[in-house]
Every structure is written in C-alpha cells, then in structure tokens.
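Just so you know, ligand 1 is whichever comes first in the structure, and atom 1 is the first atom listed for that ligand.
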Amino acid sequence: MWLRFVKMHGLGNDFIVVNALEEKLPADLNELARRVCHRRFGIGADGLIIVLPSTQADLRMRIFNPDGSEPEMCGNGIRCFARYVYETGLVREPEIRVETLAGIIKPRLILQEGGVTGVRVDMGEPRLEREKIPMTGSGSPVVDEPVVVDGGIWRGTCVSMGNPHCVFFVENVAEAPVTTVGPAVENHPLFPQRTNVEFIEVLNRSELKMRVWERGAGETMACGTGACAAAVAGVLTGRSNRKVTVHLVAGDLEIEWSPENNHVYMTGPAVTVFQGDYPL
Ligand SMILES: N[C@H](CCC[C@H](N)C(=O)O)C(=O)O
C-alpha cells in the first residue's frame with residue numbers, strides 16, 4: 001500500500017504533509033512519524049503533518065516530531081499546512097481556522113497574482129504562567145531563571161506558544177553550544193514535558209538572530225513557535241521591541257506581539273518541494 005505525501009518547508013524546517021481525508025493511515029502515527037522522518041531510512045523531515053476534518057474549525061492539524069512525540073503546535077508547519085489545504089482546494093478562502101492541540105490557530109494566506117507568497121498566522125496568546133509552560137518551581141513570568149546545565153548556570157526566559165520554549169540570550173549565536181546545552185535543557189527536570197531551546201543574539205531592538213534545538217527533533221534551521229517565544233522573551237527582558245525580525249539561517253520571520261489583543265502574529269514563507277508515494 002502506498003501513502004501519498006507532499007514535502008514542504010518553512011525556512012528549511014521541513015515537513016511531510018499527508019491528507020488523512022484522502023489517505024488511509026496506520027493506527028500508530030507515532031511510529032509512522034519515526035519511520036517517514038528518518039533522514040536515511042525514510043523520506044526525511046523535521047516533522048509529519050496530518051490534515052484531518054474538524055468539528056470546531058475548518059480543518060484539524062496534527063503534528064509529530066521525528067522522535068514520534070506529538071507536540072501541541074508548529075509555526076513553520078502551520079504555514080505549510082495552510083498553503084497545502086488552500087492549493088489543494090480543501091479550503092476556498094485565504095483565512096483559515098485550524099484546530100490544534102494549542103487551540104484554534106488562524107493562518108491567512110498572502111496572495112499575489114493568485115499565488116501564495118507567504119502566510120501570516122495569528123498564533124494566539126503566549127502562556128507565561130509557569131504551570132502552563134509547563135515548568136516546576138514557583139513564580140511567574142519565568143524571566144532569566146537560572147538553569148543549571150553541566151555545572152554551568154544559564155539564565156532562561158520561558159514561554160509557551162502551546163508548546164514549551166526556554167529562551168537564552170547569548171553574545172554570539174554562531175558560537176552557542178546548541179548541540180550540547182540544547183539537549184541537556186530539552187530533557188532538564190525543570191520541564192516535565194521537555195522543552196524547545198532557543199539561543200538568541202540581539203542585533204538591535206528590532207532584530208534577533210536565532211538558533212534552535214527543538215524538542216523531539218534536534219537542531220533545526222528554523223522554528224516558528226520558537227521565534228514567537230523569542231520575541232516575547234525579548235520584550236519580557238527589556239531587550240527588544242514588540243515587533244521584531246527574527247533572522248534564521250535560511251531567511252526571516254516577522255513577529256509581532258500585539259499590545260491590543262496580546263496575540264502573537266508570525267509572517268513567513270511556506271514552500272512546496274515535491275510530492276511522492278511512501279510504501280506502508
Ligand atoms: N519540536 C516542536 C514542534 C515543532 C515546532 C517548530 N518546528 C515550529 O516551527 O514551531 C515541539 O516539540 O514543541
């Protein structure tokens with residue numbers, strides 16, 4: 001039996017997209033994600049995205065990490081999801097309501113000459129209460145919290161965008177110990193659900209440079225929810241403005257934490273690379 005998929009990415013954070021309204025999926029989606037996301041034995045991706053019907057919104061998005069875990073949300077992934085469902089005709093309008101484990105998320109396609117040139121997503125409100133991140137300990141918001149890693153103390157500012165993020169500010173992000181401190185913090189006892197780990201260099205009050213170690217995925221080229229969490233952390237720590245450009249290795253995300261409605265907005269690209277069939 002063959003599984004039809006489309007391969008997409010948002011700034012190099014790449015996904016396998018499967019339409020469960022058309023395709024028959026195996027019961028164990030966690031195992032399917034581990035198989036298809038494998039960079040050598042599978043298709044290779046930072047995540048598996050499933051398109052499903054919804055009783056609460058236009059459609060439902062489920063996302064799985066390469067380790068098989070199911071996170072609450074994915075920022076680069078929902079931009080790809082939005083482009084996919086619009087271009088395949090599953091939705092007719094550029095404004096889409098998507099049911100996720102992080103709530104109803106609202107992407108809006110940016111159309112020029114009839115084509116999709118980008119996606120602006122209302123990511124909802126950041127969660128700053130410690131128990132909603134979730135984190136052990138007491139006191140909220142979690143700003144410059146000491147995190148002991150390999151005998152050193154790192155100061156993290158923690159935000160949930162539905163999924164957990166621990167944001168560290170560094171002098172030079174190119175030299176940040178992403179592949180050592182990243183996994184140590186991802187699996188730190190402070191985070192009962194583990195966490196994504198962002199390393200941020202503040203270029204100026206309107207520009208951040210980011211690298212990321214993602215929960216369940218490792219270092220990726222970009223993380224949309226992570227860029228949102230970094231923008232919020234920049235404001236909480238007084239380092240940057242509510243509207244910032246976040247520079248990733250393959251391009252930029254525009255993030256704004258609105259003072260009007262407390263929602264975070266993310267604007268960025270979504271690209272279709274190829275489609276294929278995978279043997280189940
Ligand atoms: N690994 C993340 C999910 C994917 C988030 C990221 N790819 C994004 O663009 O937001 C987690 O376990 O929370």
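- The residues E186 and R215 are annotated as not salt-bridged, no charged nitrogen and carboxylate oxygen being separated by less than 4.0 angstrom.
- No option in L109, V271, T272 other than L109 meets the side-chain contact (heavy atoms from CB on, under 4.5 Å) test with V116.
- Using cut-offs of 30° and 60° on the angle between ring planes, the pair F199 and F168 is tilted.
- A salt bridge links R39 with D14: at least one charged nitrogen is closer than 4.0 Å to a carboxylate oxygen.
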Measure and list all N/O to N/O distances between ligand 1 and the protein that fall under 3.5 angstrom.
unit_1	atom_1	unit_2	atom_2	d
ligand 1	1 (N)	N65	OD1	2.9
ligand 1	1 (N)	N196	OD1	3.4
ligand 1	1 (N)	E214	OE1	2.8
ligand 1	1 (N)	R215	O	2.9
ligand 1	7 (N)	N13	OD1	2.8
ligand 1	7 (N)	E214	OE1	3.1
ligand 1	7 (N)	E214	OE2	3.1
ligand 1	9 (O)	N13	OD1	3.3
ligand 1	9 (O)	G75	N	3.3
ligand 1	9 (O)	N76	N	2.9
ligand 1	9 (O)	N76	ND2	3.3
ligand 1	9 (O)	G224	N	2.8
ligand 1	10 (O)	G75	N	2.8
ligand 1	10 (O)	G224	N	3.4
ligand 1	10 (O)	T225	N	2.8
ligand 1	10 (O)	T225	OG1	2.6
ligand 1	12 (O)	N65	ND2	2.9
ligand 1	12 (O)	R215	O	3.3
ligand 1	12 (O)	R215	NE	2.8
ligand 1	12 (O)	R215	NH2	3.4
ligand 1	13 (O)	N163	ND2	2.9
ligand 1	13 (O)	N196	ND2	2.9
ligand 1	13 (O)	R215	NE	3.4
ligand 1	13 (O)	R215	NH2	3.0

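- Between K132 and E72 there is no salt bridge, since no side-chain nitrogen of the basic residue lies less than 4.0 Å from a carboxylate oxygen of the acidic one.
- Nearest heavy atoms, E198 versus C223: OE2-SG, 4.3 Å.
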